[in-house]
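Structure first, commentary second.
First the proteins, then the strands, lettered A, B, ... as listed; each starts at 1. Only a predicted model underlies this, so the values are computations on that prediction, with no experimental measurement involved.
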Amino acid sequence: MSTRLPEPAGRLIDRTRTVAFTFDGRSYEGFEGDTIASALYANGVRVLSRSFKYHRPRGVFTMAGRDANTLVQVGPEPSVLADRRPITSGLAVTAQNVFGRAERDFGAALDKLGRFMPAGFYYKAFFKPKGSWAYWERVLRRMAGLGTVDVHTPHGPFDKQYLFADVAVIGAGPAGIAAAVAAAKAGAEVLLIDENPYLGGALAWGREDPDGSRLRALEASVAAYPTLSVMTDTVCNGWFEDNWLALIRENRLSKLRARAVVMAAGCDGQPAVFRNNDLPGVMLGSAAQRLIRLYGVKPGSRAVIVTSGAEGYEVALDLRDAGVEIACLADLRQDPPAAPGDTHFPVIAGAAVRAAVPGRGGAGVGGAEVARLSADGRLGTSIDRFACDLIVTTVGHHPAAQLLCQTGARLRYDDDAQMFRVAGLPETVFAAGSVDGIFGLESTIADGTRAGSAAAAAIGLDAKSSERPQSAPAGEGAPWPIFPHAEGKDFIDFDEDLQVKDILSSYAEGYDGIELVKRFSTVGMGPSQGRHSALTAARILSRAAGTTVDGAGVTTVRPPVGPEKIGHLAGRAFQPVRLTAMHHRHVALAARMMPAGAWMRPAYYGTPGDRDAAIHAEVMAVRENVGLIDVSTLGGIDIRGPEAAEFMNRFYTFAYLKQPVGRARYVLATDIGGVIIDDGVACRFGDEHFYVTTTTSTSDSVYRQMLWYNAQWRLKVDIANVTAAYAAVNIAGPKSRDVLAAIAADVDLSADACPYMGVREGLVAGLPARLLRVGFVGELGYEIHVPASCGEALWDALMEAGAAHGIRPFGVEAQRLLRLEKGHIIIGQDTDGLTFPDEAGMGWAVSVKKPYFVGARSVAIQRARPPQRLLVGFEMAKDDPLPEECHLVVRDDTITGRVTSVALSPVLGKIVGLAYVAPDQAEEGTAISIKLTDGRLVTARVVKPPFYDPEGDRQAL
Amino acid sequence: MPLALLKRALLGSRVKDRQFIWPGDLKKSYDVVIIGGGGHGLAAAYYLAKNHGITDVAVLERGYVGGGNTARNTAIIRSNYLTPEGVRFYDESVRLFQDLSFELDINLMYSQRGHCTLAHTDAAIRTMRWRAEVNKHLGVNSELVLRDDLAKQVPLLDMSEDVRLPILGALFHPPGSIARHDAVAWGYGGLASHRGVEIHQRTEVTGIEVEDGKVTAVQTNRGRVACGRVLQAVAGNSSEVARMAGIRLPITSIPLQACVSQPLKPFLDPIIVSGSLHVYVSQTPRGELVMGGSTDPYPLYQTRSTLEFKEELMMHLLELFPFLSEVKLLRQWAGTADMTPDFSPVMGETPIRNYYIDAGWGTWGFKATPVSGKRMAETVATGKVPDLIEGFRLSRFTEFDLVGEKGAASVGH
Ligand SMILES: Cc1cc2nc3c(=O)[nH]c(=O)nc-3n(C[C@H](O)[C@H](O)[C@H](O)COP(=O)(O)OP(=O)(O)OC[C@H]3O[C@@H](n4cnc5c(N)ncnc54)[C@H](O)[C@@H]3O)c2cc1C
């Protein structure tokens, strides 16, 4: 590890602890605190990745996790930022998108073909002659893509957290710290967030704080306020409406609601554009400084620096202090002010790097060509060549304003600062520091204090406002640090391997604005989302189109700011399941459970192998003796109040004003379009009290609709969704009364006292119960609703009392068959998203006498015209091929309908079903053709349901 | 190395290769004004010029060409709809798409992947069978595939039974495809501009003049333009623009979001959709996973992104592909879907004479770009509505003659 510098360089590493890891199969050692990139750099490894299109070698560029050059694969995780991810013992790192290794990639031959692959080349080729795209697509798909997905990756332990703060401060550099302290001082609860493992931002690695005293003072000011909390190593990845912030730290997504936000996320150094400006060894000044101060790594042995302001001189001094020889500093300015202090290195004013010369076998910098600039900023022809292994650039900045832009703020180009600035922030969002173009330590701190106080004032705290400070000149950017080269490889977007000519050719082909240029050339669409290309692209386009940089503009910024894992967003995948009070009884009885809306219900009791036999036995039990089914999942809604009956009358299609107390009545609901949306029964337990059931999957939506309508009607009713408060069963079969009577002694169950469609309240097995004598399955039967806490007790009591009568629990499958025999429809199965009551044969449940119900107008219009289809019953012989639900009814070659329900009825000994048919096929006795999956046509005969007990004697017993 | 690239490299590009020819100032009047320079408006312009020789046409686009929903959609193309009207209509579009790269001389990267709509409940199985049967009856390739076969066909799917909603089967539709959405707009717009159609970007229609029940002119931020006929094709802004002409539409505008992962080496071929889990995903030729779900819970004229959308979507995505948790999201965005009550589009005539409408494209209109462009051009040119789109007329809503596609369009766009 020869390139490590002595302390105090390397503030993040612990030199007493070495960590071994591998890269592309070779072993390396670093120190605890190193990132993958810093450890590799210290080991002399410069090539971390290969570029997307040309497979050019790429290495450290920002050293801040802000570029795509350092994306590597770590085990099953693709696209890991090597300059952010710490090394851990045994970490296995590999290069992405290489044919071989990062150092030796056979894909590099593509670099030579660059001229055949201009922007958008794939739109122009690969599709002629016909059929050829299928071949080329396979080739290109294999070339594309960065990391690989390991299909055995386990779902990691991700989780989520909710946080609240008065003021959230994003970015803990001097501006952010000052803002946080100012807000805390004003009495706010503050959360200060930074993506780095340390506080101080640029102060931690820049030259402004030689003895560290300023940083220590800032750290102390943070510690002084108990109401100021700090989250480091945390990326704020998105701003959403109402200051809802997504924070990611390790495997946790924290969702922070803040009353006000200060964004102090700093800025991104911008690349200079020249030939081979992407070679490993060409990096931002800040990257070199980070290597030195944070990781104690010497960035090179001989450097050329290109700068547009004072910043480059500071970097040069840092490099020199670290023992790097300065070959030359090229200052883009023709008349730079006197260099600060004792430089002692050659400065060429009015000059730029025009090309990096490859060294290290093509995989790094070997030298730099420096050329003079003419007064109008063009490169001259006389060239100075310098041998070097490092080229450092500081030519301007772009605000790290992604979060600010997500709030709706716009970026406007500031011609004085040669940088985009933020405009148009919402009332509770503030920007501070270099993200808003304020540079220099004192100015930044003052700006942070201003923003923090303003944030506190915005939420009603008492805080003094102050003026925005002047920026120090440190941030000076060049207006045009772009030096196209006749032979190209002058990259403006590293992620996408785009060169100057790609923007120009896109424009020339008619892509006349930044949005179209972006979409056509893909500039800014790679993983670094335009951080280092947006400004350059805007500049080049502005010249091509003859507009200002502001006129060319930048494209819309979208979340997330940085990469976020799918696992972060998914969290623990919490998926609530509703279980009925009797669930464990079903499980104990070996029920096969199935999802039903939010619930689980028994499909049948038995193993899949005995499915048919089990259903058959359940059906026969109900028809011959007695069966018990858990119907707790049906929705239950209590409607109480003086206008309860009027409410019912408006919400449902039938008539309810005169429904007697103690009786149940069928309910059918339509939407405003007259389409059936639900059914159930309404029980009137008192003048002012209805208890209505809904189907299993509609309880929430029907309840919501009820509230929605009554918000307009303002009827005096109280609507309560009591679905979860009740457990319910249906006990059905000729012997059901006997079973129930044995445990409901105080309720008179005789046919006179409790007739079909009668309802009662009383004690069943000592439990307070609502008794509904209804008959979905077509036998004598009772629904019994008890408080949910009594569900199991009810179930047990009925099973015990029924044992002597051969009681059997039955599931959804048997119930479906039983109700089909009886000709009852299931909403959602025998109806669809367009079914009107008359079409489904439910016209009888629509009251024509009342003035209004939801959907009345549509139903009336519908009734006034001939129907288009009708739901009918049909039957077929027992041995006919059994159609399946949704097989089509066809006539000649036209589809006239479909089967909605069908089954072989064990009781009737034939196939029975329901189907939509054309109205002229609805006549009893009509033969209809049903088309099976294999295309065969089978004939069925239209009959009038019910198929079983048409007179309804059995349920009226 | 394909010849086309060699030629370009050696000869450089020429005017003929220019994708767009941009017009100068707006003229005072045009025979046809098309409002909206999305895929639909541009396709209609192209077919007006090519099939009907009508080139005195201005496309007025308030932003940039193809920058609306055309730029934001997830580019799924299929014809496995539910109603005969829907299946026939989208089937014609799929057929047009298959040769469209040649017709438009731009590689649309039309990629036939197979479209697989999962069923997790027996109700969903019934709907899938219904679609399969209608599709097959009309000559469209679709099949209901049950659990075991599906596991062989898409081995990456998590077929566990001990999850909340186990996969029971799927509707498999081999013609299902994806394409490069931008290129569709550029192809149509570019060729239309070469044939003399004027495409005016940054030109917003702000008013519509109607005299004696007939449209006569549109007002724009760049002045008034007289016109013989108007075609409105503004997708998410349909109700607002129709209102300018005094027409009320039964349309609700709801944000629809989508997102994309970082590029990955190819591992997923088919397009996978789950209605019950509200998620769909495909992998583009670039290697990105493109993912979306259902519309936002409430209507809004704003294209902001939400965190909740991603959280839900990713949770459900991992139920299908649990191994994706380490993959990273790159970008999310939103568009505006103009939803109709029956989940079918609105095409054809309006109560205003010479004012034609192409709207109600909700979450499903990208795939219809070629067919709607072609058929709307025919409507505008001949004044007669072709049979293929008759069923989608605006008046169907007052006549209760809906084309119910909810079962085929609510999540799988
Ligand atoms: C996230 C998302 C995913 C989708 N996925 C799919 C999919 O997978 N498959 C599919 O088939 N469909 C999908 N869609 C739907 C599809 O994108 C749209 O239906 C389709 O793009 C509509 O095309 P268009 O040309 O009509 O509309 P647009 O492309 O929106 O074009 C309309 C244009 O009109 C312009 N405009 C509006 N008002 C005015 C005015 N007053 N003056 C001038 N110009 C105006 C707009 O700027 C816009 O450019 C999706 C949509 C979204 C949002």
* Asked: Tell me, do Y64(B) and R519(A) make a side-chain contact under 4.5 Å, heavy atoms counted?
  -> yes

* Would Y122(A) and R180(B) count as having a side-chain donor-acceptor pair, cut-off 3.5 Å? -> no

* Check: N107(B)/K128(A) side-chain N/O donor and acceptor closer than 3.5 Å -> no

* Contact origin within Q406(A) toward chain B - heavy atom pairs under 4.5 Å -> neither

* Asked: Can you check whether K130(A) reaches D99(B) side chain to side chain, under 4.5 Å on heavy atoms?
  -> yes

* Leading residue by heavy atom contact count with chain A [cutoff under 4.5 Å; candidates E312(B), Q112(B), H316(B)] -> H316(B)

* Non-hydrogen atoms of chain B under 4.5 Å away: do they reach the side chain of E564(A), the backbone, both or neither? -> both

* To do: Answer with side chain, backbone, both or neither: which region of V139(A) has an atom nearer than 4.5 Å to a non-hydrogen atom of chain B?
  => neither

* Verify whether one side chain among E308(B) and W244(A) offers a donor that lies under 3.5 Å from an acceptor in the other. => yes

* To do: Examine the side chains of T153(A) and E326(B) and answer whether a donor and an acceptor come within less than 3.5 Å of each other.
  => no

* So, K265(B) side chain and A144(A) main chain: donor-acceptor pair closer than 3.5 Å or not? -> yes

* So which part of R865(A) gets closer than 4.5 Å to some heavy atom of chain B, the side chain, the backbone, both or neither? -> side chain

* Asked: Should P527(A) and K328(B) count as side-chain neighbours, where that means a heavy-atom distance under 4.5 Å?
  -> no

* Asked: For L253(A), is it the side chain, the backbone, both or neither that has a heavy atom under 4.5 Å from a heavy atom of chain B?
  -> side chain

* Hey, are the side chains of K406(B) and D832(A) touching, using non-hydrogen atoms and a 4.5 Å cut-off? -> no

